[in-house]
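Owing to the predicted nature of the structure, the values given are computational and were not obtained by experimental measurement. Excluded from the calculations below are hydrogen atoms, water molecules and symmetry mates; all remaining heavy atoms, backbone and side chain alike, are included.
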Amino acid sequence: MKITLTFNPSELVGAGFKPALAYWNVARVVVIDVLRACSTITHALSQGCRAIYPFASVRECQERARAMGRDKVLLGGERGGLRIKGFQLGNSPLEYPREVVEGKDVLFTTTNCTKNLNTITRLGKPKEVLICSLLNLPAVAEYLVTKGEDVHLALSGTNGEVSLEDVVCGGMLIHRLVGAYGHTPLSDSARLAHVTYLHYKDNPRQALLDSTHGRRLIGLGMKRDVDFCGRVGVYDLVPRYSKGAVM
Ligand code: MLT
């Protein structure tokens with residue numbers, strides 16, 4: 001099993017970033033966004049949400065809502081961390097309890113994660129695209145171990161920059177895969193993530209508190225979201241993105 005990693009979606013399309021093309025021969029891409037989109041998606045599915053449709057832009061989300069029937073879907077997501085005007089839901093996992101999302105389809109757009117998902121499917125055709133946060137990391141690790149094939153970790157980052165919490169989550173996943181396989185070829189970026197995780201090994205939640213985005217969310221009054229997303233292995237779920245929907 002070979003493991004490669006990109007720190008944010010712009011690396012996937014960056015000028016001269018040729019290896020990206022080679023990456024798409026990997027069997028699986030794991031999309032990571034700890035704060036908060038992948039945590040929110042995983043939590044919503046755990047609450048009985050039928051499917052989440054990720055869109056890169058607000059306009060695409062609204063157009064699809066009109067096509068599907070505005071009263072048949074929920075619109076969710078954020079810009080600048082805040083709920084989008086006219087949307088029923090933001091990007092806080094706490095806004096997605098069973099009584100709100102059970103049996104519902106959610107059309108979803110966020111600043112970085114849904115762009116990451118859309119970029120991946122535009123650039124390549126991996127066998128599977130999986131969604132990972134700390135909440136479901138052990139389940140994703142276990143699944144990848146049973147498959148034993150090459151993996152690319154596509155971190156979402158924040159506005160084209162690296163996000164510490166995503167790096168630590170990616171590093172934790174790598175740690176588990178290396179633990180299961182012994183010698184596993186890692187790209188330099190994957191090795192960097194692994195080393196960063198080892199720094200936070202005894203208290204991964206601290207990475208969320210230290211991170212720029214975590215501090216920003218706390219500044220916006222969203223400390224409960226940061227605490228919620230900092231828990232490891234709460235859900236035994238491996239959400240997959242296929243044909244435009246995460247289920
Ligand atoms: C994103 O996809 O950019 C994030 O999930 C941002 C956020 O915390 O709302």
Side-chain angles (χ1 to χ4, degrees), residues 9 29-122 128-137 139-140 154-158 165-166 169 213 217 220 222 224-229 231 234-247:
V29 175
V30 179
V31 172
I32 294 177
D33 185 10
V34 174
L35 292 174
R36 294 165 290 171
C38 288
S39 303
T40 298
I41 290 171
T42 305
H43 174 65
L45 293 173
S46 81
Q47 299 298 295
C49 173
R50 189 160 56 186
I52 302 206
Y53 295 81
F55 294 95
S57 73
V58 174
R59 189 177 48 78
E60 286 170 284
C61 233
Q62 289 163 332
E63 281 171 7
R64 181 61 74 85
R66 273 194 290 277
M68 288 173 82
R70 190 66 186 76
D71 51 338
K72 295 203 172 56
V73 295
L74 291 171
L75 288 171
E78 58 71 39
R79 285 296 178 270
L82 303 173
R83 185 190 302 182
I84 298 158
K85 195 163 170 266
F87 281 35
Q88 295 100 320
L89 304 169
N91 187 27
S92 165
L94 303 170
E95 291 176 80
Y96 293 73
R98 186 170 292 280
E99 54 273 29
V100 174
V101 298
E102 188 164 35
K104 298 273 172 51
D105 290 326
V106 178
L107 310 187
F108 191 62
T109 180
T110 67
T111 313
N112 303 286
C113 181
T114 58
K115 190 192 286 174
N116 200 11
L117 276 167
N118 279 274
T119 306
I120 288 158
T121 42
R122 191 158 40 83
E128 288 188 300
V129 179
L130 311 176
I131 301 292
C132 182
S133 63
L134 293 176
L135 296 176
N136 68 331
L137 185 141
V140 174
L155 280 45
S156 297
T158 305
E165 70 281 8
D166 290 348
C169 181
H213 190 48
L217 289 171
L220 289 168
M222 299 176 184
R224 284 178 71 212
D225 284 8
V226 177
D227 291 340
F228 189 97
C229 299
R231 298 167 306 145
V234 179
Y235 301 123
D236 193 18
L237 277 180
V238 183
R240 288 169 181 76
Y241 178 52
S242 171
K243 300 191 176 100
V246 182
M247 297 171 119

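For the atom pair CG (Asp105) and CG (Leu75), the distance works out to 11.5 Å, reported to the nearest 0.5 Å. Of the inter-residue distances, the one linking Leu155 atom CG with Asn112 atom CG reads 11.5 Å to the nearest 0.5 angstrom. Rounding to the nearest 0.5 Å places OG of Ser156 at 4.0 Å from CG of Asn116. To the nearest 0.5 Å, atoms CG (Leu237) and CD1 (Ile41) are separated by 12.0 Å. Atom OG1 of Thr40 and atom CD1 of Ile131 lie 11.5 Å apart (nearest 0.5 Å). From Ser39, atom OG reaches atom CG of Asp33 across 7.0 Å, with rounding to the nearest 0.5 Å.
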CA sep, side-chain torsions, deciding dist, call: Asn91, Phe108, side chain to side chain contact (heavy atoms under 4.5 Å, CB included): CA-CA 9 Å; Asn91 187 27; Phe108 191 62; 3.3 Å; yes
Quick one: do Cys132 and Cys169 satisfy side chain to side chain contact (heavy atoms under 4.5 Å, CB included)? Show the steps, please. CA-CA 8 Å; Cys132 182; Cys169 181; 4.3 Å; yes
Val129 vs Leu117, test: side chain to side chain contact (heavy atoms under 4.5 Å, CB included). Steps then yes/no. CA-CA 8 Å; Val129 179; Leu117 276 167; 3.9 Å; yes
Quick one: do Val100 and Gln88 satisfy side chain to side chain contact (heavy atoms under 4.5 Å, CB included)? Show the steps, please. CA-CA 10 Å; Val100 174; Gln88 295 100 320; over 6 Å; no
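Scanning all heavy atoms of the two residues, the minimum distance from Leu94 to Pro97 falls at O-CD, 3.7 Å. Closest approach of Tyr96 to Ala44, counting heavy atoms only: CD2-CB, 3.8 Å.
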Kindly list each side-chain donor-acceptor pair under 3.5 angstrom involving residues 238-247, sequence neighbours excluded, with atom names and distances?
residue : atom : partner : partner atom : Å
Arg240  : NE   : Glu128  : OE2          : 2.7
Arg240  : NH1  : Val238  : O            : 2.9
Arg240  : NH2  : Tyr143  : OH           : 3.4

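His213 places none of its side-chain heavy atoms less than 4.5 Å from the side chain of Asp166. Side chains of Cys38 and Cys113 form a contact here, defined as non-hydrogen atoms less than 4.5 Å apart. Annotation: side chain of Pro93 is in contact with side chain of Asp225 (closest heavy-atom distance under 4.5 Å). Within the 4.5 Å cutoff, the side chain of Arg231 has no heavy atoms near those of the Leu134 side chain.
For residues 38-68, every residue pair satisfying the ring pair (Phe, Tyr, Trp, His ring centres under 6.0 Å) rule, not counting sequence neighbours, is listed here: His43-Phe228, His43-Tyr235. Legend: salt bridge (Lys or Arg N to Asp or Glu O under 4.0 Å) pairs involving residues 67-85, not counting sequence neighbours, sorted by first then second residue: Arg83-Glu95.
Ion pairing between Glu60 and Arg64 fails under the 4.0 Å rule for side-chain N and carboxylate O.
For Arg98, the CZ atom sits in a packed shell: over 12 heavy atoms of surrounding residues, nucleotides or ligands are nearer than 6.0 Å.
Within the 3.5 Å criterion, the main-chain N or O of Lys115 finds no donor-acceptor partner in the side chain of Asn118.
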